[in-house]
Engineer: 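Have a look at this one before I ask anything.
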Amino acid sequence: MVNGAGGRPGSGATGGDRSPFPEGGLRHDALFYADDRDYRAAVEDFVEAGRAAGEPVLVAVPTDRLRLVRPLLDPLDGVELADMAVIGRNPAAIIATLRGFVHRFPGRRVRVVGESLWPGRRPAAYRHCVEHEAIINLGLADQPLSVRCLFDRSRLPAGTVGDVARTHPWLVSGGVARPSVDYLPPAAALRRLARPLPPPPDGALTEPIRPDGLGALRAAVASVAEAAGLAGERIDDLRIAVTELASNALSHGTGPAVARCWVAAGELVCEVSGPGELADPLAGRIPPPVGSVRGRGLLLVHRLCDLVDVHVAAGVTTVRLRLELPAARVPAPRSAPDAVQGGFVRPAPL
């Protein structure tokens, strides 16, 4: 049974909402769940409310949660599934997929229930997930989209509740969505999350970036990756990503740039640093307009890499990418299906 707000009596789940949302555009809220039963109810009620309103629904949750909710969803029309451990391996790549889902249904409102930050996700991804939740409010503000984000009430790191409250305009509890009193505008939330990058270690590979040196740069970083045990396909991803960053530095930078590469804490790390300021937090997260010949380089880097940091200080931009060592536990984003197969959503086009 579903109550008047679209939620099950006595649960924190809700599909519709008794609280008024702004008309049109993005509706972004968060719900904390307690256990598997609570989780299933949250997903089921949100999906039911969407189907009742004639809204296509995307359920984007990590692998083990897909197993939990698939029996509820497989028989339903108008519902697609995506493995967040694949499409959200790098949290910065999620927004492009959400926009792609919206654009497949022109003139219609759509909804997404997702879990970008889950128990067991590696700690290095935490800040990137919180950044993603803040940037949703900027990058999808004008989209006819309802996003409900699920968070484990007890098993996520200390501080999660506060970070969720600051990045979600609405919080759902007891079947009602209420404004978050701690919500911060995206720019303020991102400033709060900003951290200096740790310096590269002594002995890191260091290569100047020159127009005639991209081949040598690719070979140098590939050599570091091979020695570290990175898998063959991921070395190809690394070569592509480093080439894109170096090309951007040559095209948009205002002075000499340098690339560095090293191994640290189970990761292969590469960065490109040089004069110039990349100030747009949406850069690389949203595909450029159709027909544009520029603007896809950083988008591709986000797609190929596990985590990407962009740091601007004193007129210098550093883009640092990370790939896990050894071979990743789940397929890399480039290996995700490129069409809807078995009810799984396609990745966003570049």
Engineer: Measuring only between side-chain heavy atoms, which start at C-beta, is Pro91 closer than 4.5 Å to Leu307?
Structural biologist: yes

Engineer: Below 4.0 angstrom, N of the basic side chain to O of the carboxylate: do Glu55 and Arg51 qualify?
Structural biologist: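 Salt bridge: no.
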
Engineer: Using only heavy-atom distances, determine whether the side chains of Asp152 and Tyr39 contain a donor-acceptor pair under 3.5 Å.
Structural biologist: no

Engineer: What distance separates Leu156 CG from Asp163 CG, expressed to the nearest 0.5 Å?
Structural biologist: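 It comes to 10.5 Å.
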
Engineer: Tell me whether the rings of Phe151 and His168 are parallel (<30°), tilted (30 to 60°) or perpendicular (>60°).
Structural biologist: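 Correct class here is perpendicular.
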
Engineer: Got Ile94 and Arg99 here, is their nearest side-chain heavy-atom distance under 4.5 Å?
Structural biologist: no

Engineer: Is Arg67 salt-bridged to Asp64, cutoff N-O under 4.0 Å?
Structural biologist: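 Answer for the salt bridge query: no.
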
Engineer: Roughly how far, to the nearest 0.5 Å, is CZ of Arg104 from CG of Leu58?
Structural biologist: 8.5 Å

Engineer: Please check: side-chain N/O of Arg178 versus main-chain N/O of Ser173, any donor-acceptor pairing under 3.5 Å?
Structural biologist: yes

Engineer: Under the 4.5 Å side-chain heavy-atom rule for ILVMFWY, direct or indirect, which residues accompany Trp262?
Structural biologist: Val269

Engineer: Could you tell me whether the side chain of Val130 reaches within less than 4.5 Å of the side chain of Thr167, counting heavy atoms only?
Structural biologist: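 A side-chain contact exists here, since the closest heavy-atom pair is under 4.5 Å.
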
Engineer: Could you tell me whether the side chain of Asn137 and the main chain of Pro186 form a donor-acceptor pair under 3.5 Å?
Structural biologist: no

Engineer: Please set out all donor-acceptor pairs under 3.5 angstrom arising from side-chain atoms of residues 251-261, sequence neighbours excluded.
Structural biologist:
from   : atom 1 : to     : atom 2 : distance (Å)
Ser251 : OG     : Ser247 : O      : 3.0
His252 : ND1    : Arg294 : NH2    : 3.3
His252 : NE2    : Arg294 : NH2    : 3.1
Arg260 : NH1    : Glu271 : OE2    : 3.3

Engineer: Please report the closest heavy-atom contact between Ala42 and Leu31, naming both atoms and the distance.
Structural biologist: CB-CD2, 4.1 Å

Engineer: Using the six-membered ring of Tyr33, assess whether NZ or CZ of Arg153 lies under 6.0 Å from its centre and within 45 degrees of the ring axis.
Structural biologist: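 Arg153 over Tyr33 ring: no.
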
Engineer: Would you say Arg109 and Ser146 are linked by a side-chain donor-acceptor pair, where the criterion is simply a distance under 3.5 Å?
Structural biologist: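 Present: a donor and an acceptor within the cut-off.
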
Engineer: Got a sec: does the CZ of Arg108 have more than 12 other heavy atoms crowding it under 6.0 Å?
Structural biologist: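 Counting neighbours around CZ of Arg108, more than 12 heavy atoms of other residues, nucleotides or ligands fall under 6.0 Å, so yes.
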
Engineer: Do side-chain atoms of Asn90 reach the backbone of His302 as a donor and acceptor pair under 3.5 angstrom?
Structural biologist: yes

Engineer: Would the distance check show the side chain of Ser180 and the main-chain N or O of Pro169 forming a donor-acceptor pair, the cut-off being under 3.5 Å?
Structural biologist: no

Engineer: Kindly indicate whether the side chain of Arg320, heavy atoms from C-beta on, has any atom under 4.5 Å from the side chain of His311.
Structural biologist: no

Engineer: Return a table of donor-acceptor pairs under 3.5 angstrom between the side chains of residues 202-230 and protein atoms on other chains or two or more places apart.
Structural biologist:
from   : atom 1 : to     : atom 2 : distance (Å)
Thr206 : OG1    : Ala204 : O      : 3.1
Arg218 : NH1    : Thr243 : OG1    : 3.2

Engineer: In Å, rounded to the nearest 0.5 Å, how long is the span from CG of Leu138 to CD1 of Ile136?
Structural biologist: 11.0 Å

Engineer: Could you tell me if the side chain of Arg122 sits less than 4.5 Å from the side chain of Asp306, heavy atoms only?
Structural biologist: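 The answer is yes, as the side chains (C-beta and beyond) meet within the 4.5 Å cut-off.
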
Engineer: Heavy atoms, side chains only, cut-off 4.5 Å: are Val113 and Val61 in contact?
Structural biologist: no

Engineer: Looking at Arg121 and Arg89, would you say the former's side chain and the latter's main chain have a donor-acceptor pair under 3.5 Å?
Structural biologist: yes

Engineer: Side chains of Leu238 and Leu323, heavy atoms from C-beta outward: is any pair under 4.5 Å?
Structural biologist: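 Side chain of Leu238 against side chain of Leu323, heavy atoms only: contact under 4.5 Å found.
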
Engineer: Quick one: pull up CG in Leu81 and CZ in Arg70 and give me the separation to the nearest 0.5 Å.
Structural biologist: 5.0 Å

Engineer: Would you say Arg40's side chain and Val69's backbone share a donor-acceptor pair under 3.5 angstrom?
Structural biologist: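 Not confirmed, Arg40 side chain does not pair with Val69 backbone.
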
Engineer: Output yes when Arg148 and Asp29 qualify as a salt bridge under the 4.0 Å nitrogen-oxygen rule, no when they do not.
Structural biologist: yes

Engineer: Flag the pair His128 / Asp309 as yes when at least one side-chain heavy-atom distance between them is below 4.5 Å, and no otherwise.
Structural biologist: yes

